[in-house]
Amino acid sequence: MKTIKTQVAIIGAGPSGLLLGQLLWKQGISNIILERVTGEYVLGRIRAGILEQGFVELVREAGVADRLDSEGEVHEGIDISINGHRHRVDLKQLTGGDVVVCYGQVDITRDLMEARADAGLESYYEVSNVVLNNVKSGTLPSVSFEQGGQKLELLCDYIAGCDGFYGVSRQTIPKHIRIEHERVYPFGWLGLLSDTPPVSEELIYCKHERGFALASRRSATRSRYYIQVSLDDKVEDWSDDAFWLEFKKRLPADAADALVTGPSIEKSIAPLRSFVCEPMQYGKLFLVGDAAHIVPPTGAKGLNLAASDVATLYKIMTRVYKNKDTACIEQYSEIALRRVWNGERFSWWMSNMLHKFDTTDSDDVDGQTFKRFMESELGYYLGSENGRRVLAEQYVGLPYEELK
Ligand code: APR
Ligand code: PHB
């Protein structure tokens, strides 16, 4: 068996693992990434692309923001449409200057992969049988894995589990320690990507009697649109024409008239889930991003919560290696989870207000009360400047917490 060594072993080359690796390297902390699939496969996964300011600054700190700064679109507001009537949430004005940046997750991932290759940092792709050893024993941890039929062992000081919802890292925390909170939603999002000019400069979140829809974008020539669908629906049930027809019905009339349709480049259905694993640290193992938590996409918090975990772990690792302060690792879970729960709550709140629920709250007697509560909730928040400010403050993202 071949043995290799590093300071921080990173499991997973998604945005969490790649960003963490780059930041650690900038501080002189060595790291090796292990990834189950190929780089091309990772880049084939279409995800959201609304970045909070904290995320953008972190990518700048990692020295990988050239393309993000030149090609990312600054969005100063969003529209929320209720049965065709638009309400603008002026993020910039309401928050005293904060905005979000529209730049696809695939693009960030590609930038980070290229920067890692340029820096000559080691990554092992297409690995299998990844096992995390000694994460909470007196001896140093290690990760055993296989690549191309060869068995390898990676010796390290710490392990960052950045391996997504289906990874092995979370499962390494013993069941009696791990608490998993979960809520599933009775619908999914059908997403369509197309090389058509987007229908709007800013995102339009649409609450509609027929169900939720979202008009998003990737660039001036690429659109990303979504509609709420039943969990029983299959992508094959939805031709491009059927998608466009339904999407148009849920948009405000002026947007529906202006909509340019075209063939899809990608089309997929994603279920909606709220999930949090506590704690996020166990011995020398830290869970980061989707490995520890999932949010429904309403509000675009998935990638941004991954980034705040990375920011916290990066500060901790820097203190560990620069100041020889190992006690600070105990702060990770508490700091990360505070922000995670807020993001979870915001995404759940937005999802509740904007979707059509066929199955109602089990406490409803008439089957309509939850629906009416949510209509009133959305009406209140959009109708009051204070309400819009609450929404705006969370959409642009709360500040990252410092270590004690
Ligand atoms: N060994 C090595 N790598 C693994 C393993 C394993 N056993 N299991 C999974 N992986 C890899 C996956 O192939 C994937 O490339 O870990 C990576 C995890 O990446 P993501 O799922 O993108 O998770 P993360 O980096 O935390 O990014 C969070 O992605 O899902 C969105 O909404 C989410 O935008 C957010 C972002
Ligand atoms: C996207 O562009 O894919 C996107 C944007 C905002 C969301 C969800 C998804 O809330």
Side-chain angles (χ1 to χ4, degrees), residues 9-21 32-51 55 73 75 78 80 100-109 112-113 123-132 143-147 154 159-172 189 191-193 198 202-206 212-219 222-226 266 268 270 272-273 275 287-310 343 346-347 350-351 354 395:
I10 300 177
I11 321 293
S16 301
L18 289 164
L19 181 57
L20 179 67
I32 291 179
I33 294 186
L34 308 181
E35 167 57 56
R36 191 171 49 85
V37 297
T38 63
E40 293 81 68
Y41 190 91
V42 173
L43 292 173
R45 294 192 289 232
I46 310 291
R47 301 267 172 82
I50 294 294
L51 311 182
F55 187 108
E73 297 178 348
H75 285 206
I78 55 169
I80 297 187
V100 290
V101 175
C102 181
Y103 187 70
Q105 179 171 322
V106 174
D107 299 297
I108 295 159
T109 309
L112 287 164
M113 276 182 181
S123 313
Y124 289 75
Y125 281 87
E126 296 185 87
V127 302
S128 56
N129 294 330
V130 173
V131 180
L132 281 52
V143 185
S144 37
F145 64 101
E146 290 178 32
Q147 191 195 43
L154 172 56
I159 302 174
C162 306
D163 48 353
F165 186 65
Y166 298 102
V168 291
S169 299
R170 189 176 68 252
Q171 311 300 336
T172 307
W189 277 22
L192 180 145
L193 189 70
E202 293 179 347
L203 269 59
I204 317 176
Y205 288 84
C206 308
F212 171 80
L214 170 62
S216 183
R217 51 190 284 144
R218 290 290 174 271
S219 69
R222 184 166 282 190
S223 303
R224 180 65 166 163
Y225 299 136
Y226 298 94
E266 192 262 1
S268 53
L272 273 68
R273 185 199 307 267
F275 176 88
L287 301 182
V288 182
D290 276 19
H293 42 80
I294 298 285
V295 286
T298 335
K301 288 289 167 240
L303 183 56
N304 291 301
L305 288 180
S308 58
D309 293 352
V310 168
F346 177 68
S347 311
M350 290 283 277
S351 301
L354 294 172
Y395 195 88

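Counting starts at 1 for both ligands and their atoms, in listed order. None of the values given here were measured: they were computed from a predicted structure.
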Would you mind listing each N/O atom of ligand 1 next to any protein N/O under 3.5 Å, plus the distance?
residue, atom, partner, partner atom, Å
ligand 1, 3 (N), R36, N, 3.2
ligand 1, 8 (N), R36, NE, 3.4
ligand 1, 13 (O), E35, OE2, 2.6
ligand 1, 15 (O), E35, OE1, 2.7
ligand 1, 15 (O), E35, OE2, 3.2
ligand 1, 15 (O), R45, NH2, 2.5
ligand 1, 22 (O), R47, NH1, 3.1
ligand 1, 25 (O), P15, N, 3.3
ligand 1, 25 (O), S16, N, 3.0
ligand 1, 25 (O), S16, OG, 3.2
ligand 1, 26 (O), S16, OG, 2.7
ligand 1, 26 (O), D290, N, 3.0
ligand 1, 29 (O), R47, NH1, 3.0
ligand 1, 29 (O), Q105, NE2, 3.2
ligand 1, 30 (O), R47, NH1, 2.8
ligand 1, 30 (O), D290, OD2, 2.4
ligand 1, 34 (O), Q105, OE1, 2.6
ligand 1, 34 (O), L303, N, 3.2

Begin from the C-alpha positions of R217 and E202 and carry the test salt bridge (Lys or Arg N to Asp or Glu O under 4.0 Å) through to its verdict. CA-CA 8 Å; R217 51 190 284 144; E202 293 179 347; over 6 Å; no
Which heavy atom of V37 sits nearest to which heavy atom of Y125, and what is that distance? O-CD2, 3.2 Å
Taking only residues at least two apart or on different chains, which pairs with a member in residues 298-308 satisfy salt bridge (charged side-chain N to carboxylate O under 4.0 Å, His left out)? E52-K301
Taking the six-membered ring of Y103, is the NZ or CZ of R218 close enough (under 6.0 Å from the centre) and on axis enough (within 45°)? no
Which protein residues have a heavy atom under 4.0 Å from ligand 2? A48, I50, W189, L203, Y205, L214, S216, R218, R224, Y226, P297, G299, A300
Which of L154, T172, I11 passes side chain to side chain contact (heavy atoms under 4.5 Å, CB included) with I159? Answer is I11
Reference residue E35; test side chain to side chain contact (heavy atoms under 4.5 Å, CB included); the match among I10, V42, D163, V127: V42
Does Y41 OH have over 12 foreign heavy atoms under 6.0 Å away?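 12 or below, so no.
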For F346 and Y395, take the angle between the two ring planes, folded into 0 to 90°, and tell me which bin it lands in: parallel under 30, tilted 30 to 60, perpendicular over 60. perpendicular
Under the salt bridge (Lys or Arg N to Asp or Glu O under 4.0 Å) rule, collect the residues that match up with E266, sequence neighbours excluded.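 E266 satisfies salt bridge (Lys or Arg N to Asp or Glu O under 4.0 Å) with R224 once adjacent residues are dropped.
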